[in-house]
Structures are given as structure tokens and as C-alpha cells.
2 protein chains.
Amino acid sequence: MDRRSEATTGDGTATEPAGPSPAGAAGAPRPTSRDVAERAGVSQATVSLVLRDRWHGRVSPPRAEAVREAARELGYRPNLAARRLRSGGTGTVLLVVPALTNEFFARVHAGAAAVAAERGMSVVLFPSPEGIGPAPDPFASAGATLDGVIASSMASRALRALRGGGLPLVMLDSDPEDTEAAATVNPDVPDGLRRVGGHLLAAGHRRIVHLAADIDTWTFRERGRALAEELASADSPLLATARAALDVREAAAVAGKLLATRPRPTAVVCDDDVLAAGACKAARRAGLRVPEDLSVTGVDDLALATAVEPELTTVRLPAEEMGGTGMRALLEVLDGGAPGTRVLPVRFVPRGSTGPAPTGSG
Amino acid sequence: MDRRSEATTGDGTATEPAGPSPAGAAGAPRPTSRDVAERAGVSQATVSLVLRDRWHGRVSPPRAEAVREAARELGYRPNLAARRLRSGGTGTVLLVVPALTNEFFARVHAGAAAVAAERGMSVVLFPSPEGIGPAPDPFASAGATLDGVIASSMASRALRALRGGGLPLVMLDSDPEDTEAAATVNPDVPDGLRRVGGHLLAAGHRRIVHLAADIDTWTFRERGRALAEELASADSPLLATARAALDVREAAAVAGKLLATRPRPTAVVCDDDVLAAGACKAARRAGLRVPEDLSVTGVDDLALATAVEPELTTVRLPAEEMGGTGMRALLEVLDGGAPGTRVLPVRFVPRGSTGPAPTGSG
DNA sequence: CGGGTTCGGTTATACGTATGACGCGCAGGA
DNA sequence: TCCTGCGCGTCATACGTATAACCGAACCCG
């Protein structure tokens with residue numbers, strides 16, 4: 001009957017709780033720094049100085065406190081548009097990612113947005129559903145003028161479309177040699193894949209295949225390279241490599257063929273968790289048990305890594321930190337610095353999808 | 001001395017590359033509407049009129065075209081900060097979601113951002129990692145003044161924290177009776193759960209349990225209600241209900257207990273896909289096959305719904321459309337309208353995780 | 001032919017903030 | 001006594017845009 005009994009508890013019996021909010025559903029104009037000045041009995045300039053913390057030695061402490069109190073009482077909040085207009089910047093950074101709904105990039109965005117918020121800036125995502133493509137002028141479609149761009153895991157050709165804005169560019173998970181970017185922030189994926197390789201070798205696996213992402217970007221090339229190196233160094237080179245788009249169904253189909261080769265591989269290393277989920281699917285369909293008959297590994301540590309059964313052994317990339325570090329790098333560039341390349345550590349996470357190599361078939 | 005009077009010297013001549021980009025790595029100042037005006041031989045006001053498409057009957061077509069061409073040649077892009085300052089709005093909308101990295105909300109955000117971009121606005125996400133909690137002043141932490149707020153699936157108590165800004169508020173997936181919101185956009189989840197119930201009943205299931213989200217929000221209450229109603233109408237009431245947080249591991253643990261009850265249920269309806277993945281996990285651990293021994297359903301149709309094996313029967317919620325519709329509703333409110341409640345259709349998606357009820361144990 | 005009306009523009013100004021350029025009163029030194 | 005310097009603040013202005021107010025000229029109609 002009453003599915004929301006608590007909603008009736010009178011929250012606002014009186015008109016206003018004397019709080020900072022101007023309220024007045026429609027038309028209450030927001031207080032300006034001038035209003036604060038008037039209330040505190042000082043000039044608008046003083047308000048600006050105090051509220052921006054640039055008052056040391058220019059405004060006496062008691063007055064400064066008075067200003068702050070007046071601002072609090074009025075619920076004053078500086079007008080970002082005016083501030084930005086005056087100070088030049090737009091306060092907006094564009095984050096370009098290959099796939100908007102991908103959890104990994106959502107985490108990157110979260111990290112970047114958090115750092116941006118500290119500086120009163122905001123991050124807009126490039127709204128194109130599918131990559132950059134023919135570049136319908138990212139800046140226009142973002143609907144905002146921008147201070148800079150952070151681009152993640154982009155194909156080199158798409159990068160070029162991003163250039164031409166003359167905007168500071170920070171690249172994530174991309175070739176540090178790329179001269180287009182003012183800075184680069186990379187997770188140490190090679191290290192991650194070397195550990196994956198080492199883990200499998202230590203478990204006795206000798207017939208290992210690679211399910212690679214069908215995407216020609218630096219980060220995926222590095223993954224393949226690092227894995228191949230690690231295995232070669234143990235005289236147990238990759239048996240085969242196949243490529244699939246980052247889609248579970250396609251990955252399952254491709255992995256199915258990979259598992260049909262003889263001698264059958266005992267482990268499949270995947271470029272990311274989605275591919276790994278596909279590989280697990282293919283294994284089940286082929287009547288193979290994971291990890292008893294086949295070990296599977298991924299990269300990213302997405303939510304689905306723990307959603308599937310068994311849970312995926314994977315390499316956790318510091319997505320939030322990548323976003324945050326990238327944002328900080330961009331801010332440094334905007335301040336005239338030249339941050340260069342940064343490499344972030346990754347974490348190898350062993351879980352249930354890997355086990356000792358099956359014995360009978362060696 | 002005006003310190004930038006000499007900037008006008010080379011108005012048309014050769015100082016700038018013909019291309020649209022100002023380039024000049026560091027310091028090329030962006031062209032303003034005044035620059036465009038000068039180049040086109042008109043006044044700044046005319047430029048504004050033309051570029052905002054408000055010139056019909058006020059500027060002659062050839063002149064308008066000249067202005068547009070000058071703008072193109074200079075690579076002119078209006079200064080959003082100035083525009084917003086002048087026109088009052090901030091051009092920024094806050095999107096409040098319970099979990100930033102949740103794929104569902106990423107899709108909501110994508111939909112909202114796309115609509116916002118059409119109007120030159122942008123959407124910032126509330127950067128708090130975990131829900132609203134004690135509300136550390138969302139508006140301040142967003143680092144921006146705002147035109148309005150879109151809040152999704154919030155608990156009523158958290159809502160109250162959002163109020164007090166006096167900002168137009170649009171709710172997604174929430175109680176339409178809630179008087180706090182100017183508009184509400186809901187997916188027709190009850191319909192979805194009725195169909196789930198009908199689907200299972202038609203498949204012969206009579207011992208059905210409900211794995212509910214341990215979250216006290218309207219949308220989840222409705223899911224439980226609709227499911228219970230549908231089953232009751234067929235004289236086959238819910239056997240039991242258990243609650244778990246939206247976490248695969250916890251869901252698996254709770255579902256494990258649920259499956260241990262006798263007589264054993266033949267189907268478990270989950271409030272969302274994450275819970276369903278947990279239920280599948282529990283089933284495997286209990287030695288039950290899905291769907292032969294146990295049918296499982298979810299809601300949302302996240303990526304993981306097709307990542308697990310078997311793929312999940314689920315109800316696809318139109319996340320992008322919710323975001324887009326919510327944004328449009330907010331824009332209408334900002335224009336003085338009163339959109340009220342909208343209900344969006346959902347899609348029932350049968351997949352491999354449901355099948356006929358097992359026969360032997362009836 | 002003169003007064004309105006329309007067409008095609010311009011001028012001026014305001015939006016709210018940040019900040020360089022100025023006081024102004026007072027203490028201290030010459 | 002006058003000048004200097006310093007501590008405290010204020011004044012004025014510019015950022016780039018949108019728009020109300022205005023204005024000359026051509027046109028139209030009686």
C-alpha cells in the first residue's frame with residue numbers, strides 16, 4: 001500500500017531552511033561577487049582576491065574572514081563562464097576514447113574527471129559512438145572550445161585527425177615515440193604480459209597461443225611483442241596467433257578455430273578480458289574445462305573478469321590512474337611544462353582460469 | 001597604449017596559414033568574432049547575427065555568406081565562455097549516477113551527452129566514486145555552475161541532498177510521484193518483469209525465486225512488485241526473495257543459499273544482469289546446469305550478459321534513450337516547459353539461460 | 001512630395017570576474 | 001617638515017559575445 005511512507009515526512013514546512021540555496025524555483029538570480037562585496041562592505045576586487053586565495057599581504061585577515069562569511073551566507077558560487085572568459089581558458093578538456101561505453105574507458109574518464117574537478121575544470125567525452133573515423137571535427141561536435149585533448153589508445157591514423165587543432169595533446173596507452181603528443185601516459189602492459197607468460201610457463205604450459213585484438217594500435221602491438229619475447233626466451237615460442245574484434249561472440253568464434261588446431265594448445269593468452277571471455281565460451285562449446293583442460297588469461301580486469309566462471313586470471317591496468325595522470329600531465333603542459341612519458345605499474349592477478357598444464361597430452 | 005592594437009595589422013595578408021587551424025604550437029590567439037567582422041568588412045554584431053542564424057531579414061544574403069566565409073577562413077570558433085556569460089546559462093548539466101563505471105550508466109551518459117552536444121552543452125558526471133552518500137556538495141565538486149541536474153536511480157534520501165540547489169531536476173528510473181523532480185523518464189521495467197514472469201510460466205516453471213538488489217530505490221521496488229503480481233496472477237507465487245548488493249561475488253553467495261532451499265527452485269529471476277551472473281556462478285558451484293536444471297534471468301542487457309555462457313535471458317533497458325530523453329526533458333524545463341513523466345518501452349531478450357522447467361522433480 | 005515602413009546594417013552596452021594601476025594613511029628616516 | 005616605503009584596499013578596465021536601441025536609405029502609398 002504505502003511504498004514510500006517516508007516521502008511524506010515534511011521536509012520543508014517553512015519556506016526556506018535559511019541555507020545557502022537561493023531556491024525560488026524559477027527566477028532567483030545567483031549572487032555575484034558584487035553582492036558579496038556589498039554585504040561584506042568591501043569592493044568587488046577584494047572579494048575576488050580573497051576567494052581566490054591571492055590576498056596574503058593585500059587584505060587584512062579580519063576582512064578576509066568577513067568576505068568569506070558573506071560569501072557563505074549568500075551561497076555565492078563564482079560564475080565559471082565569467083572566470084574563464086577573463087582568464088582565457090575554457091576549462092574544458094576533451095577525452096577521446098575508442099568506445100564510450102567500455103568499462104575501461106569509463107574508469108579512465110572517472111580518473112580524469114576527478115583530477116579535473118579539483119581544478120574546476122570538466123572533461124567532455126567525444127560523443128562519437130564508434131571511434132574517430134573520418135573525423136567530423138571532434139571539436140565542433142564536442143560543442144565546446146577546448147583547452148586540450150587527452151586521447152586514449154587511438155590508431156595512428158585517427159590521431160592525425162586530432163591534430164590540426166593546435167591543442168595540447170596527451171596520449172594514453174600509445175606510442176611514446178609519437179611526436180604529435182606533448183606527453184604520454186602508459187601502463188606497463190609489456191611487464192604484465194611477461195608475467196602472464198612466466199606464470200603459464202611456470203605452470204608447465206608449453207603449447208600457448210595468442211588471441212590478439214584485431215586493432216592496429218601501439219598498445220596491442222606491444223602486448224603481442226612482450227608475450228612473444230617472454231615465451232621465446234624460454235624456448236617455447238607461440239604456437240599461433242589469431243585476431244578478433246573486441247566482441248565476445250566474434251572472439252568465441254575465432255578462439256574456436258584456434259582450439260581446433262593439433263596439437264591442441266593448453267593455454268590461450270588474450271589481449272583483453274573480452275577476448276578471454278570469448279575464449280572461455282569457445283572452450284565450453286568444445287567440451288573443454290577451464291582451467292583443467294585449458295588455461296585462459298585476459299588483460300584489463302573488467303567487471304566481467306569476475307563475473308564469468310571461473311574468474312579470469314588477468315592483468316589489471318590502472319585505468320583511473322591513467323586518466324588522472326593524463327589529466328595532470330595535460331595541466332602541466334598547459335602551464336608550460338613538458339612532462340614527457342610516464343609509465344604506470346600494472347598488477348598481475350591470478351584467478352581461477354589458469355592452472356597447471358594438463359599432463360596426459362604432453 | 002592599447003597593448004594589442006597592432007594585432008590588427010596583417011588583417012588579410014599572409015600572416016596566417018590558409019588552413020583553418022591557428023597552429024603555432026604555443027601562442028596563437030584564437031580569432032574572435034571581431035576578427036571575423038574585420039575580415040568580412042562588417043561589424044561584430046553582424047557576425048554574431050549571421051553565425052547564430054538569426055539574420056533572416058536583417059542581413060543580406062551575400063553579406064551573410066561573406067561572413068561565413070571569413071569565419072571559415074579564420075577557423076573561427078565562438079568562445080563558449082563569453083557566449084554563456086552573455087546569455088546566462090552555464091551550458092553544463094550534471095548527471096548524477098550511483099556508480100560511475102557501471103556500463104549501464106555509461107550508456108545513459110552517452111545518450112545524454114549526444115543530445116547535449118547538439119545544443120552546444122556538455123554533461124559532467126558526478127565524480128564521487130561511491131554513490132551520493134553524505135553529499136559533499138555535488139555542485140561544488142563538479143567544479144562548475146550548472147543549468148540543471150539529471151539524476152538516475154537515486155535513493156530518496158540521496159535525492160534530498162540534490163535539492164537545495166533550486167536547479168531544475170530530471171529524474172531517471174525513479175518514482176514519478178516524486179514531487180522534487182520537474183520531469184521523470186522511466187523505462188517500462190514492470191512490463192519487462194511481467195514478460196520475464198510470463199516467459200518462465202509458459203516454460204512450465206512453478207518454483208520461482210527472486211534475487212533482488214539490496215538497494216532501496218523505486219525502480220527495484222517496482223521490479224519486485226511487477227514480478228510478484230505477474231506470478232500471483234497465475235497462482236504460482238514467488239517461492240522466496242533474497243537480497244544482494246550488485247556485486248557478482250556477493251550475489252553468488254546469496255544465490256547459493258537460495259538454491260539450497262527445498263523444494264529446489266527451477267528458476268531465479270534477478271533484478272539485474274550482475275546478480276544473474278552471480279546466480280549462474282552459484283548454480284555451477286552447486287553442480288546445476290543452466291538452463292537444464294535452472295533458468296536464470298537478468299535485467300539491463302549489459303555486455304556481460306553475452307559474455308557469460310550460456311548467454312543471459314534479460315530485459316534490455318534503453319539506457320542511451322533514457323539519457324537522451326532525460327536531457328531533452330531538462331532542456332524543455334529550462335525553456336519553461338513542464339514535461340512530466342515519460343515511459344520508455346523495454347525489450348525482452350530471450351537467450352540461452354532459460355529453458356523448459358526440469359520435469360523429473362515436479 | 002512627405003511620412004511611414006521595411007530593409008540592412010551599426011553602436012553601445014551588459015554579462016561577472018580577475019588584475020594592473022592607483023590611492024591613502026601611517027611609520028620611520030633625514 | 002618632507003619624502004619614502006609599506007600595508008590595505010579600491011578603481012577601472014578587458015575578456016568575447018549577444019542584443020536592444022538606433023539610424024540612414026530606399027521604397028511605398030496616398
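These figures come from a predicted structure and were not determined experimentally. Order of the sequence lines fixes the chain letters, A, B, ..., with proteins taken first and strands second; residue numbering starts at 1 for each chain. As a basis for the values below, the full set of heavy atoms in this structure was taken, side chains included, without hydrogen atoms, waters or symmetry mates.
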> Nearest-Å distance, NE2 (B:His56) to C1' (C:dC7)?
Replying inline: 15 Å
> Counting side-chain heavy atoms from CB outward, which of D:dT17, D:dT10, C:dA18 is closest to A:Ser48?
Replying inline: C:dA18
> Does a salt bridge link B:Arg63 with B:Glu69, judged by any charged N lying under 4.0 Å from a carboxylate O?
Replying inline: no
> On DNA chain C, nearest-nucleotide positions of B:Ser87 versus B:Ser60: which is more 5'?
Replying inline: B:Ser60
>> Tell me whether the side-chain N/O atoms of A:Arg63 come closer than 4.0 Å to OP1 or OP2 in D:dC8.
In response: no
>> Please pick, from C:dT17, C:dT19, D:dT17, the nucleotide with the shortest atom-to-atom distance to any side-chain atom of A:Ala45.
In response: C:dT19
> So which one's nearest nucleotide on DNA chain C is more toward 5', B:Val59 or B:Arg86?
Replying inline: B:Val59
> Rounded to whole angstrom units, what separation is found between the CZ atom of B:Arg34 and the C1' atom of D:dT17?
Replying inline: 9 Å
> In whole angstroms, how far is the C1' atom of D:dT19 from the CG atom of B:Leu85?
Replying inline: 14 Å
>> Rounded to whole Å, please give me the gap between CG in B:Leu74 and C1' in D:dG16.
In response: 15 Å
> Taking CZ from A:Arg77 and P from C:dT17, how many angstroms apart are they, rounded to a whole number?
Replying inline: 12 Å
> Counting only N and O atoms by type, is there a donor-acceptor contact under 3.5 Å from the side chain of B:Thr46 to the main-chain atoms of B:Gln44?
Replying inline: no
>> Looking only at the side chain of B:Arg54 (C-beta and beyond, no hydrogens), which of the listed nucleotides D:dT17, D:dT19, C:dG9 gets closest?
In response: D:dT19
> Looking at CE of B:Met322 and CE of B:Met327, how far apart are the two atoms once the value is rounded to the nearest 0.5 Å?
Replying inline: 15.0 Å
> Rounded to whole angstrom units, what separation is found between the CD atom of A:Gln44 and the P atom of D:dT10?
Replying inline: 11 Å
> What's the spacing between A:Leu80 CG and A:Met121 CE if we round to 0.5 Å?
Replying inline: 10.0 Å
> Do the side chain of B:Arg58 and the base of C:dG9 come within less than 3.5 angstrom through a donor-acceptor pair of N or O atoms?
Replying inline: yes
> According to a strict under-4.0 Å criterion, is B:Thr46 in side-chain N/O contact with OP1 or OP2 of C:dT10?
Replying inline: yes
> Any ion pair linking B:Arg72 and B:Glu65 (charged N to carboxylate O, less than 4.0 Å)?
Replying inline: yes
>> Whole angstroms only, please: what is the CD-P distance between A:Glu38 and C:dG16?
In response: 14 Å
> Among C:dT17, D:dT10, C:dT10, which nucleotide sits nearest the side chain of A:Asn79?
Replying inline: C:dT17
> For DNA chain D, whose closest nucleotide is more 5', that of B:Arg83 or that of A:Ser43?
Replying inline: A:Ser43
